[in-house]
Amino acid sequence: MIVYLPDGSQKDVDAGATVYDVASSIGEGLARAALAGKIDGILVDLNAPVSDGAQVEILTKKSPEALDIMRHSAAHVMAEAVRSLYPGTQIAFGPQTDDGFFYDFELPDGATISVDDFSTIENKMAEIIHEGKPFTRSVVTKDEAKRAFADQRFKLEHIDELPETEEISIYTHGDFADLCAGPHMPDASAIKAFKLMKTAGAYWKGDAEREVLTRLYGTAFFDKKDLSEYLHNLEEAEKRDHRKLGRELGIYTMDPLAGVGLPLYLPKGARVIRTMQEWLRRDLYERGYEEVITPHIYNADVWKMSGHYDFYHENMYFFDINEGTDEEPRLSEYGVKPMNCPGHVMLYKSELHSYRDLPLRYFEFGTVYRHEMSGVVHGLLRARGFTQDDAHIFCTRDQVVDEVCAILDLVEHIMTTFGFAYEAEISTRPEKSIGSDDMWEHATESLRRACEIKQLAYDINEGDGAFYGPKIDIKVKDAIGRTWQCSTVQIDFNFPERFDLTYRAADNTEQRPWMLHRAIFGSIERFLGILIEHYAGALPLWLAPVQAAIIPIADRHKDAAFEFAGELTSVGGRVEVYDQNEPMKVKIAKAQQQKIPYMIIMGDKEVEERMVSVRDRAEGDLGTWERTRFIDTIRAAAL
């Protein structure tokens, strides 16, 4: 029978052949390296049979899916080790994750797992891996599955909930068996490097009314070098944690009294936020944008018209206002905005427009509020209140490519300014969507064309667009290799239709404008959190809340220090004079801890010669400079 390979070639294999047989027919080296396969795009084990005309792909450790498959197998090995060390353990679920795997257990009475037990469990895992036993898959009926897991109450409950039509498969590895869809590696020998990371509590199936289980987290890699690099990056990430640095550097704080996920900015944080906004505001004006300001709350009718009331209600904050009198109350429902879009749409609709007015580009630094679950709130990276650098562009169909190119040009300017490498991902039409085939085709092709014009490499995320249009997501890579999703360019077929937006075309007919949403920072709070971690708190000179600490050596040098501070302030500099009665070394250490770009030392010689001794936070002593030289350095960094 014939099977087809990803490169379009075909192989003639025997009837009843498996994925492994296909790998062997290609070459002995590939057969040795094979870990799993794909049949018609579906992940399968190596011993899965192939059928005539099937598309077959062989997966090795270099394949994108390989790490997930290996980590899934590692989760089973970890569960096998725990069951062996803690007889009577009840097992729950154990999937792979983005950076490793976990498994949930109900340990026997009195048993616990702490960090002190990790080495014992890891040693048992190493022993199991060394045995080289295969992962074996079997398909069973519900009754057979219940007999296999007769002593496992969580598995029995899960089996009862499975649809009658669903195939039930069990994977066995040594003495351990688990309900699992797979696939798995042939055996555990490819797990070359692994480590248990932490333990936590978890409710069975996430239900707070149910049992609290022990969740054990681990990670695994194909070689020890990758594990070492991962652990190093974790240490770096902990040092760079914006929540820790945010407090130490006086950027922001969180007060439980204010509520969950609502950052309070200290003066230095406010200065950084305003500097970012002013920098971008000036650039946007030069690019033909017009700034607008919209309310923080709207009557609920706005959210009903936009669709948020029905589809986003649980993430919003609604309240009633009495718009009558105490004697004759008349309640109206209002909602705090989670997005700026409706305000910009209403501004567009407030005036008549012709094709000569388009493109029309509105932007706003609009603060929005979303009800995130408290468990997912994470400092500035995921807050309930945040400000977006939001813009909406109303244009004609033929202007879409040019407008997306202009947005990508802005993305390039911003990301290169901050030193981020980045890549693009285009999300296409989902199964459920609005808009005609022609609109989707034109919109998606416009996004592709813009990326190609800008020579921006992109991946396609099939079917993951919003129901109202395709989008481009920009993902940046920080100093320690982590990827963050930041900028978004979204085409929207929904709002122009819901709000009945029109413009007068050249042929004097009324037409729908095309609408683009775009945010470059995204959430300014989140972008700041990413910047703090990217720079490890040492923000670049132009953005630093304090650019220079002026340190007088003695009291007699204070007047000169304040005089020089005034000169720097007059050219847009942000400075502090360290006039406390402390040794100079202590003052330098404080400025260094605050990650201030420059320290200016002023003693007798500097005052007499009208010079300054300059110290860089990274390079140390830079020697003695003319005052004008340093003033020019600060002036060049000003907006």
Side-chain angles (χ1 to χ4, degrees), residues 263 273-274 276-285 287-294 296 306 308 312 315 337-345 347-348 359-370 372 380-395 400 403-418 420 422-427 443 447 450-451 454 456 458 461 464-466 468-476 483-492 494-495 514-531:
I273 289 285
R274 294 299 180 227
M276 291 171 64
Q277 290 178 343
E278 286 304 317
W279 173 67
L280 181 55
R281 175 179 282 113
R282 184 181 65 181
D283 194 76
L284 291 177
Y285 278 128
R287 293 173 186 265
Y289 284 79
E290 297 180 88
E291 186 168 14
V292 297
I293 300 173
T294 59
H296 286 239
S306 71
H308 288 91
Y312 205 69
N315 297 101
K337 68 176 179 181
M339 299 171 187
N340 298 299
C341 330
H344 294 192
V345 170
L347 286 171
Y348 178 91
L360 184 62
R361 309 179 187 99
Y362 287 150
F363 83 92
E364 176 179 14
F365 295 111
T367 301
V368 298
Y369 299 89
R370 299 178 186 175
E372 301 282 5
L380 299 180
L381 299 182
R382 193 156 183 177
R384 286 179 173 172
F386 53 93
T387 301
Q388 292 182 304
D389 64 318
D390 229 343
H392 295 90
I393 298 165
F394 305 91
C395 62
V400 172
E403 289 305 306
V404 176
C405 282
I407 293 169
L408 294 179
D409 185 67
L410 178 58
V411 168
E412 180 180 18
H413 172 58
I414 289 177
M415 298 310 169
T416 54
T417 295
F418 289 109
F420 286 124
Y422 66 95
E423 54 192 26
E425 181 180 80
I426 298 176
S427 295
L447 297 182
C451 287
K454 294 300 298 177
L456 174 60
Y458 60 89
N461 189 3
D464 202 43
Y468 50 82
K471 64 176 179 173
I472 299 175
D473 286 323
I474 300 296
K475 299 181 178 182
V476 303
T483 299
W484 306 87
Q485 198 277 308
C486 288
S487 311
T488 297
V489 185
Q490 173 80 60
I491 296 177
D492 187 350
N494 183 47
F495 269 88
W514 283 59
M515 181 177 174
L516 310 180
H517 303 248
R518 78 105 189 98
I520 309 301
F521 291 146
S523 156
I524 293 178
E525 282 77 2
R526 184 169 182 273
F527 198 81
L528 175 57
I530 294 169
L531 287 179

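None of these values were measured; they are calculated from a predicted model. Numbering of residues begins at 1 and proceeds along the displayed sequence.
Across all their heavy atoms, R518 and L284 have their closest contact at NH2-CD2, 3.4 Å. Of all heavy-atom pairs between M415 and V476, the closest is SD-CG1, 3.6 Å.
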Legend entry - Residue pair E291, Y285: steps toward the side chain to side chain donor-acceptor pair (under 3.5 Å) verdict: CA-CA 8 Å; E291 186 168 14; Y285 278 128; 3.1 Å; yes
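Judged as a ring pair (Phe, Tyr, Trp, His ring centres under 6.0 Å), and not counting sequence neighbours, F386 has no contacts. Residues passing the side chain to side chain contact (heavy atoms under 4.5 Å, CB included) test with H296 are T367, Y369, sequence neighbours excluded.
Rounding to the nearest 0.5 angstrom, the gap separating the CZ atom in F420 from the SG atom in C486 is 6.5 Å. To the nearest 0.5 Å, atoms CD (E525) and CD1 (I273) are separated by 5.0 Å.
In this structure a side-chain-to-backbone donor-acceptor pair under 3.5 Å is missing from R370 to N315.
We find that K475 and D473 are not joined by a salt bridge, their nearest charged nitrogen and carboxylate oxygen being 4.0 Å or further apart.
Among D464, T488, I472, the single residue meeting the side chain to side chain contact (heavy atoms under 4.5 Å, CB included) criterion with S427 is D464.
Note: W279 and F418 have perpendicular aromatic rings, judged against thresholds of 30 and 60 degrees for the angle between ring planes. Between H517 and F495, the ring-plane angle classifies as perpendicular under the 30° and 60° cut-offs.
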